[in-house]
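Note sheet for the following structure.
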Amino acid sequence: MKPRLTLALVLLSLSAASGAQTSALPEWDKLTPQQREALIAPVRDRWNDAPPPQRERMLQHGQRWQSMTPEQRELARRGRHRFENMSPEQREQAKALFAQMRGMTPAQRDALRERWAGMSPEQRQEWLKANPVTDRPPAPPRR
């Protein structure tokens, strides 16, 4: 089960267990040890199952998330949702474009976006063949 879905289910069960209470969910310090464990367990399992390079990425992502403003976090959430709703072909294209744009200046990225928008599907396939995504180790399966 995906961690966000697990978290949503736990929070839903917390609110259902509290009866018809209309107040917001409690702060972390007010959660019971069992509630905290239910929230943390999926992350602990992913961490324990991950090889060291994946653990390093997980830690870096967590640190970067903490440094983001609420607006940046919302943009990240929207981008992730958009990516999740893409077809497999669209995902591969997005990965290739992102990998290519990672080392570009903002002006170069804008130019590539414009070129991409003007390309035919055949031209895009040719661009993808000329700019393959370098393989990263696969992420461990999400629970």
Side-chain angles (χ1 to χ4, degrees), residues 1-18 22-143:
M1 189 177 297
K2 292 186 177 180
R4 290 183 56 78
L5 179 58
T6 302
L7 177 60
L9 291 173
V10 168
L11 291 175
L12 182 60
S13 67
L14 288 174
S15 64
S18 65
T22 58
S23 66
L25 292 171
E27 294 293 321
W28 181 264
D29 294 341
K30 298 223 171 35
L31 293 174
T32 67
Q34 294 83 7
Q35 291 168 328
R36 289 181 192 177
E37 177 60 24
L39 292 167
I40 293 172
V43 176
R44 182 184 52 242
D45 292 344
R46 280 186 59 211
W47 180 271
N48 288 338
D49 292 344
Q54 180 67 25
R55 288 181 182 184
E56 182 64 31
R57 278 195 302 275
M58 290 170 69
L59 184 60
Q60 288 172 353
H61 290 167
Q63 290 168 336
R64 188 170 60 219
W65 185 261
Q66 291 298 316
S67 70
M68 290 179 168
T69 66
E71 295 80 20
Q72 290 171 322
R73 290 179 183 184
E74 183 55 31
L75 284 173
R77 282 186 195 101
R78 279 193 253 153
R80 191 198 60 192
H81 288 297
R82 193 171 70 226
F83 185 79
E84 288 173 347
N85 291 321
M86 289 179 178
S87 69
E89 181 181 335
Q90 290 171 318
R91 285 183 186 188
E92 286 306 310
Q93 291 176 0
K95 287 177 187 177
L97 284 167
F98 182 78
Q100 190 71 25
M101 289 181 182
R102 182 173 269 175
M104 294 180 165
T105 66
Q108 291 171 323
R109 287 193 294 265
D110 290 342
L112 179 55
R113 279 189 203 100
E114 284 183 34
R115 269 190 34 228
W116 184 264
M119 289 182 191
S120 69
E122 295 81 20
Q123 290 171 320
R124 288 180 178 180
Q125 287 302 319
E126 288 301 317
W127 186 92
L128 291 169
K129 287 178 188 171
N131 298 280
V133 178
T134 57
D135 288 334
R136 279 183 15 180
R142 292 188 172 211
R143 296 178 184 252

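Values below: every heavy atom of this structure, side chains too, minus hydrogens, waters and symmetry copies.
The nearest pair of heavy atoms linking L31 to P26 is CD2-CG, 3.7 Å. Residues M68 and A76 approach most closely at CE-CB, 4.4 Å, considering heavy atoms. For the pair M58 and A50, the tightest heavy-atom approach, listed with the atom from each and the gap, is SD-CB, 4.2 Å. Closest approach of R55 to N48, counting heavy atoms only: NH2-O, 3.3 Å.
Judged by distance alone, the side chains of Q60 and R57 never bring a donor and an acceptor atom under 3.5 Å apart. Counted by atom type alone, E89 and S87 present zero donor-acceptor pairs between their side chains at under 3.5 Å.
The OG1 atom of T69 sits 8.0 Å away from the CG atom of L75 when rounded to the nearest 0.5 Å. A distance of 11.5 Å separates CD in E92 from CE in M86, rounded to the nearest 0.5 Å.
Put simply, the side chain of L97 reaches to within 4.5 Å of the side chain of W127, judged on heavy atoms. Using a 4.5 Å heavy-atom cutoff, the side chains of L128 and K95 are not in contact. Contact check for P88 versus R91: no side-chain heavy atoms found under the 4.5 Å cut-off. Looking at W28 and L39, their side chains come closer than 4.5 Å, going by heavy atoms from C-beta outward. In this structure, D49 and R46 have side chains that are not in contact, with every pair of non-hydrogen atoms separated by 4.5 Å or more.
A salt bridge (charged side-chain N to carboxylate O under 4.0 Å, His left out) check over residues 63-74, counting only residues at least two apart or in different chains, returns the pairs E74-R77, E74-R78. Sorted by first and then second residue, the pairs that involve residues 106-119 and meet salt bridge (charged side-chain N to carboxylate O under 4.0 Å, His left out), not counting sequence neighbours, are D110-R113.
In this structure W65 satisfies the ring-ring contact (aromatic ring centres under 6.0 Å, His included) test with no other residue, sequence neighbours excluded.
The closest donor-acceptor contact from the side chain of Q66 to the backbone of Q63 lies at 3.5 Å or more, if one exists at all.
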Residues Q54, W47; criterion side chain to side chain contact (heavy atoms under 4.5 Å, CB included); working and verdict = CA-CA 8 Å; Q54 180 67 25; W47 180 271; over 6 Å; no
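In R36, the CZ atom is crowded: over 12 heavy atoms of neighbouring residues, nucleotides or ligands sit closer than 6.0 Å.
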